[in-house]
Amino acid sequence: MSKASPLKAPQGTHDLLPPDSRRWEQLLVCFAAHARRAGYGFIQTPTFEDLAVFQRMGEGTDVVRKEMYDFKDRSDPPHHLALRPEGTAGVVRAFNQHRPTKANPQAPWKTWYAGPNFRYEAPQKGRFRQFHQLGIECIGTDDPDADVEVIALLWDFYRDIGLKHVTLLINTMGTSEERNAFQPVLQEYLRGRASELHESDREKVESHPMRVLDSKRRESKPVIADAPKMADSLSAQSRERFERVKAGLGALEIPFVLEPKLVRGLDYYTHTTFEFIGDEIGAAQSTIGAGGRYDGLAEDLGGEPTPGIGFATGMERVLLACDAEGVFDTPEAPMEVFIVDVVDGTRARDTAQQLRRAGISAERTFDGRSMRSQMKAADRSGAAFAILIGDDEVEAGEVTVRDLRGAGVQQRVAAGDLVNHLRERLADPDGGGVPDHFYVENRRPAQSPPGTEVPPASAADADTDTRSSSDADDVDADGKAEAGKPDTPGPSDRSTEGDMPEATSGENESATEAKGDDEADEAEDDETADPEAVLHRAKASERLRDIRRALDIDPDG
RNA sequence: GUGACCGUAGCUCAGUUGGUUAGAGCGCUGCCUUGUGGUGGCAGAUGUCGGGGGUUCGAAUCCCCUCGGUCACCCCA
């Protein structure tokens, strides 16, 4: 009997593991900060809904017609359900169900979400069967300034994570009445030139003429270029509204490109629609985020007519854009303390938890490994200090605290004083940086396509950032700051500072410089007369002296 | 749904017209190092060669099927 072959994740899905998952964590934290600062509350809706929720959202779209994962459950009669292919419909359904603006009618209902969506598609670059979106919805106002707020939030988020080469496309579709009035005009035009259209577009002329404008078929392009423009058949009111949106973007220094053919794939959009393109993504799927106004959607889903606007941005695609631009390279968070117990593991067990309860990150090995092996693990963890516990220490009621990032100095501390001792030393900005080799060795290999560059922001930033940013991040859990825990280096720090584009570009320049340094380091690693190795040897002999001193042996003997 | 390319160790990849026991680098484990990390040296472990079937004295290599990956069309975040 042969062993069954190991099961794999389904086609088009991926496991997300450390250390790669770290950027996802950071992306989420950063987005949450932006959303919260703008007054958006976190919402979670079911991953599956009644099929009807999505059908009413857009019956003519491929997303609903061909790409939905739908299924019947075991109830009698069975519910016909579907995995959500996008985020907005569920949120609007929740809005209809709970009517949150009843309690607070003067303000729109503002929510943000993060989670997986599912579409049955052929996977390729930037396209998966399970993919993840961050998004916001602002429901209950048709003020054009809300459109500006929504677009600005996404723009600022992209800037904050370091993206610079992003293009914003915007268009207006007018009211649903204007849209309905425009459709026959467009349809008539398209009928006249139907023979010039690609076959698949010809079918859409009768069912969804607007979607023909969105077609990327080469044959259809000349016909689309000459097509009547939605903007030309708008009412003065709608035009004025759109002017207000454009003026708002201008006032906030958000550059945009008017794209009259931007229709978007979902049927529910009215007035403002927009799309963000990652310019550096060398792939077919370069839209990293998109959204628009959907003033008719609440009603379509059986609720009161309520205006709304929102966006969704694909996490996988945002990260793809980051790779392409070489930004948002989040470093691994090093441990603060590593416990080396060479007795029987009892102290490692108890001390680790004691430190963690005090807010200090602490790791250990298991399975009773040799001291040497435990020290190697301590080194790999990037810990600032090793707590050494052997028979001597146990007998004296003490522990040995060894500095792993500096000269390797170690000192005995009474076991009862350990927490306070560590708090003091971890809070000290001169307490030693993160060892270079830690970042060099743990940095993820560049995943960007050849020709693009990934500046290793980690190595350059980590030494300073890890220690210096002591102001509590508003997103982090409570208690860290009191515990003297250094903030995690990374974009979440930046996000609280409200960086404007100039500042971001400044950071990028320094990151580019760091790249040069780092390449030099790597080249040196290959040399036999490696200066780094000499340095290490020097440090090692220094440490040896410390040890001898500690053991009361003649230091230089 | 259509098409192209790919699948060898944890990772990145060699593997000749089919030919002995499938390799390298990195990583991992141990030792040099008396309870003490990085550098160095030595030693070691690890493989359903994606899976199944076929051709052959002999298959990682050739053929068929299948699964998966990647990319493109289309669609979309």
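Chain identifiers are assigned alphabetically (A, B, ...) following the order of the sequence lines, protein sequences preceding nucleic acid strands; residue numbering begins at 1 within each chain.
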Quick one: is the NZ or CZ of A:R129 closer than 6.0 Å to the six-membered ring centre of A:Y120, and within 45° of its axis? yes
Report the residues that fulfil salt bridge (Lys or Arg N to Asp or Glu O under 4.0 Å) with A:R193, sequence neighbours left out, ordered by chain and then residue number. A:E196, A:D226
Tell me what A:Q374 touches on the nucleic acid: a base, only sugar-phosphate, or nothing, going by heavy atoms under 4.0 Å. nothing
Give a yes-or-no answer on whether the side chains of A:Y40 and A:E149 include a donor-acceptor pair shorter than 3.5 Å. yes
A:R380 atom CZ is separated from B:U29 atom P, nearest whole Å, by 5 Å
NZ or CZ of A:R127 within 45° of A:F131 ring axis and under 6.0 Å: no
Remember a base hit wins even if backbone is also touched, and classify A:S373 as base, sugar-phosphate or nothing at under 4.0 Å, heavy atoms. sugar-phosphate
Ignoring hydrogens and angles, answer whether the base of B:G37 and the side-chain atoms of A:R372 contain a donor-acceptor pair closer than 3.5 Å. no
Heavy atoms only, 4.0 Å cut-off, all strands: where does A:G390 land among base, sugar-phosphate and nothing? base
Whole Å only: how far is the CZ atom of A:F385 from the P atom of B:G37? 19 Å
Closest-nucleotide mapping onto RNA chain B: is A:G314 or A:A377 further toward the 5' terminus? I mean the 5' end. A:A377
Once each nucleotide of nucleotides 67-73 of chain B is scored for protein heavy atoms under 4.0 Å, what B/S/- sequence comes out, 5' to 3'? -SSSBBB
Given B:U36, B:U29, B:C75, the nucleotide with the shortest approach to the side chain of A:R402: B:U36
From CG of A:L213 across to P of B:C75 the rounded distance in Å is 12 Å
A:E121 has an atom CD; how far is it from atom C1' of B:C75, in whole Å? 6 Å
Between A:K376 and A:S370, name the one whose nearest nucleotide on RNA chain B is closer to the 5' end. A:S370
Can A:T272 and A:D147 be said to form a side chain to side chain donor-acceptor pair (under 3.5 Å), step by step? CA-CA 7 Å; A:T272 312; A:D147 303 27; 2.7 Å; yes
Below 6.0 angstrom between ring centroids: does that apply to A:H132 and A:W24? yes
